[in-house]
Visitor: 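Mind looking over this structure? Questions follow.
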Amino acid sequence: MNKALEILQRRGFIQQCTDFEGLSRAMNEGPITFYVGCDPTGPSLHIGHMVPFFAYKHLVSAGHHGIALLGGGTARIGDPSGKTEMRKMISYDEIDANAERFRRQLDAFLKFDGKTAYTANNKDWLANLNYIEFLRDIGRHFSVNRMLSFEAYKIRMETGLSFIEFNYQLLQSYDFLELYKRYNCRLQIGGDDQWGNIVAGIELIRRVEGAETYGLTFPLITTSDGKKMGKTEKGALFLDPEMVSPYDFFQYWRNVDDRDVKRFLLLFTFLSEEECEQLTAPDKNINEAKERLAYEVTKLIHGKDEADKALEGAHAAFGGSGNIEAMPTLTLPRQRFEAGYPVLDLFVDAGLAPSKSEARRLIQQNGAMVGGKLWTNEKQAVTLADCDCAEYCILRAGKKRYMRILFE
RNA sequence: GGAGAGAUUCCCGAGUGGUCAAAGGGGGCAGACUGUAAAUCUGUUGGCUUAGCCUUCGAAGGUUCAAAUCCUUCUCUCUCCA
């Protein structure tokens, strides 16, 4: 088997391939161009998008050429695959703004050089398609009967599928065709939910161009307790540091299930397989492996500085050592403490409770700490005397959420 | 276009005049046990100036001492027929 493919397989990336041997042969013959698409339907990429991009990096470092396709055109339609209901329509402006953010996030991770790694936006060829021509040239190759038999549409047969979404597959297939023609792109990779769309594209290219292309999918990552990967109580694990702070990002990985550590090390870091193996060996402390996982992934997404900071902050919060400065920090007016800061307000202002009722509950349930001491009186105000020192005060909500309050 | 069904708190889903801030489950949060893990158990889960008050049951009006529950109009969703 081709070496790059073998790496992907050993690291747990591969779910399905349209033609393993054919692809392996093609890749052995020389660098091939592949693509992975994602639709900018939200303001930021999240970790669920990233598995194909980790694969992207593996493939590029094996010498192949990768295109990251931004679905500026397809986002206007909405992919019904795996969705139970129709996505709400997004304005063109919003899509374009999202696409630009996606591009920047991907650039930071993939380091586009314009030669072996670059982006394209399907808006360029989809936005001004002529409907009649599209139907005549592309639409005629698609069988409705066959499309209806796809698993992706099965759920939607129950709840309803509008015509706009039914066209999604045609557009994605057309993308592949277009990339084949423009860049000789011969492989599409993506999450396993894209299988149907990928296969449809391969067939379209075969019919229109008589050429053989390939599809490769990766498993949709779920955590060992069956939840969708990257879902947190606040929503998805976004890459945008404004939406999920590097500290919280780090904490997500630090807290993964024991059973997921090795799998995630292989998928979401570029540590060698031996190293992943060693870190998770039975005689090793699994918590060190988790910490390494958290550090490595944070470094890849947010850079070394942020990763160092998150690690230090975590040590300060949980370990007693580390750097207090690196803990999540917020500044509040000193005079409020001088006047006596009502605890409930303090916890809300610190972002540790969404409402005063929640803050009250936290205190009633013995989950609130101020300056290292359990706080039990919801009516009592916090003064400087209750704080850790004259410079700051550490608040804790539950076991894991910390906030260091600076006075100003 | 015609006929029917439906819209309930984060999600699913009970509730058909007062006893409803609304059963039950899921999820979340907190506590115990631990390892910042899993599993388990307990508590909690609209807001607030918390023995009380205020806002919520698709939207707007109306009936009533009293409405998630009854009436009117509107919006949206689904099913069947064309």
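Everything numeric here is computed off the predicted structure, so don't read it as measured data. Labels below follow one simple rule: chain letters A, B, ... track the order of the sequence lines, proteins then strands, and each chain is numbered from 1.
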Visitor: Taking atom P in both B:rA39 and B:rU56, compute the distance separating them and give it to the nearest angstrom.
Guide: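 Per the computed distance, 39 Å lies between those P atoms.
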Visitor: When you measure from the side chain of A:K290, which nucleotide among B:rA32, B:rU45, B:rA37 comes out closest?
Guide: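 Of B:rA32, B:rU45, B:rA37, B:rA37 is nearest to the side chain of A:K290.
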Visitor: Any carboxylate oxygen within less than 4.0 angstrom of a Lys/Arg side-chain nitrogen, looking at A:K299 and A:D308?
Guide: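 No.
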Visitor: At less than 4.0 Å, is any side-chain N or O atom of A:R396 found next to OP1 or OP2 of B:rU36? Yes or no.
Guide: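 Negative; the distance criterion is not met.
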Visitor: Side chains of A:Q188 and A:Q172 only: does a donor on one sit below 3.5 Å from an acceptor on the other?
Guide: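 A donor-acceptor contact under 3.5 Å links the two side chains.
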Visitor: What's A:A314 touching, base or sugar-phosphate or nothing? Going by heavy atoms closer than 4.0 Å.
Guide: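 Base, at least one base atom sits under 4.0 Å.
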Visitor: Using a strict threshold of under 4.0 Å (side-chain N to carboxylate O), is an ion pair present between A:E358 and A:R361?
Guide: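 A salt bridge is present here (some side-chain N lies under 4.0 Å from a carboxylate O).
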Visitor: Provide the distance between the two C1' atoms, one in B:rC74 and one in B:rA21, to the nearest whole Å.
Guide: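 After rounding to an integer number of Å, I get 28 Å for this pair.
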Visitor: Take atom P in B:rA67 and the same atom in B:rU19, then report the distance between them in whole Å.
Guide: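 It comes out at 10 Å once rounded to the nearest Å.
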Visitor: Rounded to whole angstroms, how far apart are CG on A:L362 and C1' on B:rG43?
Guide: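 That distance rounds to 14 Å.
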Visitor: Do A:N287 and B:rG35 have a side chain to base donor-acceptor pair shorter than 3.5 Å?
Guide: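 By the distance-only test, yes, there is a pair.
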Visitor: Does A:Y341 form a side chain to side chain donor-acceptor pair (under 3.5 Å) with A:D349? I'd like the steps, not just the answer.
Guide: CA-CA 10 Å; A:Y341 212 137; A:D349 293 344; 2.4 Å; yes
Visitor: Consider only side-chain N and O atoms of A:E178 and A:N122, and report whether a donor and an acceptor are under 3.5 Å apart.
Guide: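 Result is no, nothing qualifies.
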Visitor: Using heavy-atom distances to pick each residue's nearest nucleotide on RNA chain B, tell me which of A:V348 and A:F250 is more 5'.
Guide: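 Here A:F250 is the residue nearer the 5' end.
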Visitor: Would you kindly give the CZ-to-P distance between A:R361 and B:rU42, to the nearest whole Å?
Guide: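 The distance from CZ of A:R361 to P of B:rU42 comes to 20 Å, rounded to the nearest Å.
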Visitor: Identify whether any heavy atom of A:R254 sits under 4.0 Å from a base atom; if not, whether one sits that close to sugar-phosphate; answer base, sugar-phosphate or nothing.
Guide: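 Base contact - A:R254 has a heavy atom under 4.0 Å of at least one base atom.
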Visitor: With the side chain of A:Q365 defined as its heavy atoms from C-beta on, choose the nearest nucleotide among B:rA37, B:rC48, B:rA30.
Guide: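 The nucleotide sitting nearest to the side chain is B:rA30.
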Visitor: Base, sugar-phosphate, or nothing for A:D257, non-hydrogen atoms under 4.0 angstrom?
Guide: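 Sugar-phosphate, backbone atoms only, no base.
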Visitor: What is the distance, to the nearest angstrom, from the CG atom on A:L293 to the P atom on B:rA37?
Guide: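 Whole-Å distance recorded here is 15 Å.
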Visitor: Can a side chain N or O of A:K356 be found less than 4.0 Å away from OP1 or OP2 on B:rU49?
Guide: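 Answer is yes, contact under 4.0 Å.
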Visitor: So does A:R401 get a side-chain nitrogen or oxygen closer than 4.0 Å to the phosphate oxygens (OP1/OP2) of B:rA30?
Guide: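 For B:rA30, OP1/OP2 do have a side-chain N/O of A:R401 under 4.0 Å.
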Visitor: Round to the nearest Å and state the distance from A:E288 atom CD to B:rA37 atom P.
Guide: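 Going from A:E288 (CD) to B:rA37 (P), I get 16 Å.
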Visitor: In whole angstrom, give me the gap between the C1' atoms of B:rG31 and B:rA22.
Guide: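 To the nearest whole Å, 27 Å.
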Visitor: Given B:rG31, B:rC48, B:rU45, which nucleotide is nearest the side-chain atoms of A:S355?
Guide: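 When the side chain of A:S355 is considered, B:rC48 is the closest of B:rG31, B:rC48, B:rU45.
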Visitor: Checking only heavy atoms, does the side chain of A:D258 share a donor-acceptor pair with the base of B:rG35 at less than 3.5 Å?
Guide: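 Counting by modelled atom types and ignoring angles, a donor-acceptor contact under 3.5 Å is found here.
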Visitor: Figure out the CD/C1' separation between A:E358 and B:rG28, and round it to whole Å.
Guide: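 Taking CD of A:E358 and C1' of B:rG28, I get 9 Å after rounding.
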Visitor: Taking the same atom, C1', in B:rC48 and in B:rA66, what whole-Å distance lies between them?
Guide: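 Taking atom C1' in both B:rC48 and B:rA66, they lie 25 Å apart.
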Visitor: Side chain of A:R259: nearest nucleotide among B:rG43, B:rA38, B:rG47?
Guide: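 Among the listed nucleotides, the one closest to the side chain of A:R259 is B:rA38.
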Visitor: Touch check for A:Q364, heavy atoms < 4.0 angstrom, all strands: base, sugar-phosphate only, or nothing?
Guide: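 No contact.
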Visitor: In terms of the angle between their ring planes, are A:H58 and A:F13 parallel, tilted or perpendicular, with boundaries placed at 30° and 60°?
Guide: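 Ring orientation of A:H58 relative to A:F13: perpendicular.
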Visitor: Just how far, in rounded Å, is P of B:rG31 from NZ of A:K400?
Guide: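 Taking atom P of B:rG31 as the reference, NZ of A:K400 is at 10 Å.
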Visitor: Taking only side-chain nitrogens and oxygens of A:S357, does any of them come within less than 4.0 Å of OP1 or OP2 of B:rG46?
Guide: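 No, outside the criterion.
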Visitor: Expressed as a whole number of angstroms, how long is the span from A:W253:CH2 to B:rG35:P?
Guide: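 Value for this atom pair: 25 Å.
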Visitor: A:Y402 and ring pair (Phe, Tyr, Trp, His ring centres under 6.0 Å): which single residue from A:Y392, A:F318, A:Y247 fits?
Guide: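 Result for ring pair (Phe, Tyr, Trp, His ring centres under 6.0 Å) with A:Y402: A:F318.
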Visitor: Looking only at side-chain N and O atoms, does A:K399 come under 4.0 Å of OP1 or OP2 in B:rU34?
Guide: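 The answer is no; no side-chain N or O of A:K399 sits under 4.0 Å from OP1 or OP2.
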Visitor: How many whole angstroms separate atom CG of A:L352 from atom P of B:rG28?
Guide: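 The answer, rounded to whole Å, is 19 Å.
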